Amino acid sequence: HVQLVESGGGSVQAGGSLRLSCVASEYTYRTYCMGWFRQAPGKEREGVAAIRIFGGSTFYVDSVKGRFTISQDNAKNTLYLQMISLKPEDTAMYYCAAGPGYYCSSGTWYNGMDYWGEGTLVTISS
């Protein structure tokens, strides 16, 4: 059973930065595509960014391009999301998620993954 544990959320002012972390219990074929999703109050969950583990390809939604950077540390089984120039509209619960590698290469990661963390809250004040 794959377990994902997020950390790093918090409250910052607009223009600030945060780095989210997600530790995975395993890096196997089941988790070769990892990503971050978010859900704001009253809104549907949306994909934010994804990365192909051991391949390095990254994917971002337009709203975060140039501001968010997804990365990984294979030695630590850890996924990161560096967020800068944060905006109030970035306020949401952020979830780490994982799925097989083809989810990244096919683009289907955006529609959902197989494994999910409990989430970490990010609040941006204006």
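Remember, predicted model here, so these are calculated numbers, not experimental data.
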Cut-off 3.5 Å, no hydrogens considered: what does the side-chain donor-acceptor table look like for residues 109-121, sequence neighbours left out?
{"unit_1": "D114", "atom_1": "OD1", "unit_2": "Y103", "atom_2": "OH", "d": "2.9"}
{"unit_1": "D114", "atom_1": "OD2", "unit_2": "Y103", "atom_2": "OH", "d": "3.4"}
{"unit_1": "W116", "atom_1": "NE1", "unit_2": "M113", "atom_2": "O", "d": "3.1"}
{"unit_1": "T120", "atom_1": "OG1", "unit_2": "G9", "atom_2": "N", "d": "3.0"}

Indicate if L18 and Y95 have the same hydrophobic cluster label, given that clusters are the connected sets of ILVMFWY residues with side-chain heavy-atom separations under 4.5 angstrom. yes

Salt bridge between K87 and D90, side-chain N to carboxylate O under 4.0 Å? no

Single-linkage hydrophobic cluster, 4.5 Å side-chain cutoff, Y27 and Y80 together: no

Pairs in or reaching into residues 45-55: which pass side chain to side chain donor-acceptor pair (under 3.5 Å), with residues at least two apart or in two chains? R38-E46

Just verifying a value: how many Å separate L4 CG and E26 CD, rounded to the nearest 0.5 Å? 9.0 Å

I would like to know whether F68 and L86 meet side-chain contact (heavy atoms from CB on, under 4.5 Å); could you show each step before the answer? CA-CA 9 Å; F68 290 12; L86 284 162; 3.8 Å; yes

Between the side chain of Y94 and the main-chain N/O of G8, is any donor-acceptor distance below 3.5 Å? no

Would a single hydrophobic cluster contain both Y102 and M34, if residues Ile, Leu, Val, Met, Phe, Trp and Tyr are joined by side-chain heavy-atom contacts under 4.5 Å? yes

Exercise: identify the closest heavy-atom pair between W36 and L20: CH2-CB, 3.6 Å

Under the criterion side-chain contact (heavy atoms from CB on, under 4.5 Å), I'd like the reasoning laid out for I124 against V12: C-alpha separation, chi angles, the key distance, then a yes or no. CA-CA 5 Å; I124 313 301; V12 299; 3.3 Å; yes

Can you give me the closest heavy-atom contact between L81 and A49, atom names plus distance? CD1-CB, 4.3 Å

Are the side chain of T108 and the backbone N or O of S106 linked by a donor-acceptor pair below 3.5 Å? no

Indicate, with yes or no, if V2 and Y29 share a hydrophobic cluster defined by side-chain heavy-atom contacts under 4.5 Å among Ile, Leu, Val, Met, Phe, Trp and Tyr. yes

Is V122 linked to I84 within one hydrophobic cluster, defined over Ile, Leu, Val, Met, Phe, Trp and Tyr using a side-chain heavy-atom separation of less than 4.5 Å? no

Check the pair L79 / I51 against side-chain contact (heavy atoms from CB on, under 4.5 Å), numbers first and verdict last. CA-CA 9 Å; L79 179 74; I51 187 168; 3.5 Å; yes

Here the pair of heavy atoms bringing A14 nearest to P88 is CB-CD, 4.0 Å

Please report the C-alpha distance between Y32 and F54 in whole Å, then the side-chain angles of each, then the deciding distance to 0.1 Å, and finally whether the ring-ring contact (aromatic ring centres under 6.0 Å, His included) criterion is met. CA-CA 7 Å; Y32 281 172; F54 299 122; 5.4 Å; yes

Strictly by side chain to side chain donor-acceptor pair (under 3.5 Å), give each pair with a member in residues 1-25 just once, sequence neighbours left out. none

